[in-house]
Amino acid sequence: IHLFPAYSSVPTIMGQGAGGLHLAYDSSTAGIRINTSNNVGIGTTTIRQRLHQHVGDSGANYHVFTNTTTGTGTTDGFLVGIDGDEKGLLWNFENTGIKFATNNTQRMVLDASGNLGIGTNSPSTDVEIEGSTGLRVGDGTGYAKIFGDSSQVRIGSGSDDICHLI
C-alpha cells in the first residue's frame, strides 16, 4: 500500500495487487473494498455494481440523504433502502413532496399531503391526471379509455365512444 500526494496534491491511498483495496476495522470484517474495476463494496467481498452495500443478515439496509435544512437526526432527510422484511423503501421524512422524472422532465409528483399528480406538478386531489391522451385501463386483451377537458368527459373502448358526458 502506498500513501502519497498523487493528484493535484490530494493525498491518495493506493493498493496494488490483484484484489484491489480493502479498508476494515479488523481482518475478519468485509469493511469497504474497492475492486480492480474501481467498484466500491461495503460489507461485501462480492461487488456487483458501482456501489454495492450489503448487510449480512435480514436486517434493514438504508442510504439516507440529508443537508443543512433537513437536519441529521434519525427522522430527517430522505431514505432509500430495504426494510427488515426485504420491502423496498423510498421514505421522505420531510414535509415535502417526491418528484419522478424521465428525459429531464418531471412526469409525476407525490406531494406532502399524499396527493399523486401525473402530468401536473401540483395535484389538488388524491389522484390528478393531466394530459391530452387521457387514462387508459386494460387487461392485456383490450382497454377502456377515459379523457376529457373543461366541457366534456368521454369514456370509450379503443377509439369508440361508449359514453359522452357534456
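Just so it is clear, the values below take in all heavy atoms, side chains as well, and ignore hydrogens, waters and symmetry mates. In what follows, residues are counted from 1 in the order of the sequence shown.
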Is F93 close to T74 at the side-chain level, that is, under 4.5 Å between some pair of heavy atoms?
no
Is V127 reachable from V109 through a run of I, L, V, M, F, W or Y residues, each pair having side-chain heavy atoms under 4.5 Å apart?
no
So OG1 of T141 and CG of D139: to nearest 0.5 Å the spacing works out to 3.5 Å
Do F78 and L110 belong to the same hydrophobic cluster, where Ile, Leu, Val, Met, Phe, Trp and Tyr are linked whenever their side-chain heavy atoms lie under 4.5 Å apart, directly or via other members?
yes
Just wondering, do Y62 and I82 contact through their side chains at under 4.5 Å, heavy atoms?
no
State, yes or no, whether a side-chain contact exists between L51 and I42 at a heavy-atom distance under 4.5 Å.
yes
Taking the side chain as every heavy atom from C-beta outward, state whether Q53 and N61 have any pair of such atoms under 4.5 Å apart.
yes
How long is the straight-line distance from CG of L135 back to CD1 of I129, given to the nearest 0.5 Å?
4.5 Å
Please table the atom pairs, donor to acceptor, closer than 3.5 Å between any side-chain atom in residues 85-92 and protein atoms at least two apart or in another chain.
| unit_1 | atom_1 | unit_2 | atom_2 | d |
| --- | --- | --- | --- | --- |
| N92 | OD1 | E94 | N | 3.0 |
| N92 | ND2 | T96 | O | 3.0 |
| N92 | ND2 | T96 | OG1 | 3.0 |
| N92 | ND2 | G97 | O | 3.3 |

Nearest heavy atoms of Q106 and T120, plus distance in Å
NE2-O, 4.4 Å
Less than 3.5 Å apart, any donor N or O on the side chain of S113 or N115 sitting next to an acceptor on the other?
no
When hydrophobic residues are tied together by side-chain contacts of less than 4.5 Å, even through go-betweens, does I98 share a cluster with V64?
no
Backbone N/O of N67 and side chain of T70: donor-acceptor pair under 3.5 Å
yes
Are more than 12 heavy atoms from other residues, nucleotides or ligands located less than 6.0 Å from atom CG of D57?
yes
Just wondering, do P123 and L116 contact through their side chains at under 4.5 Å, heavy atoms?
no
Would you compute the distance between atom CZ of R33 and atom OG1 of T46 and round it to the nearest 0.5 angstrom?
9.0 Å
Using the side-chain contact (heavy atoms from CB on, under 4.5 Å) criterion, which residues pair with N39? Sequence neighbours excluded.
N35, S37, I47, R50
Distance under 6.0 Å and angle within 45° of ring axis: R107 vs F100:
no
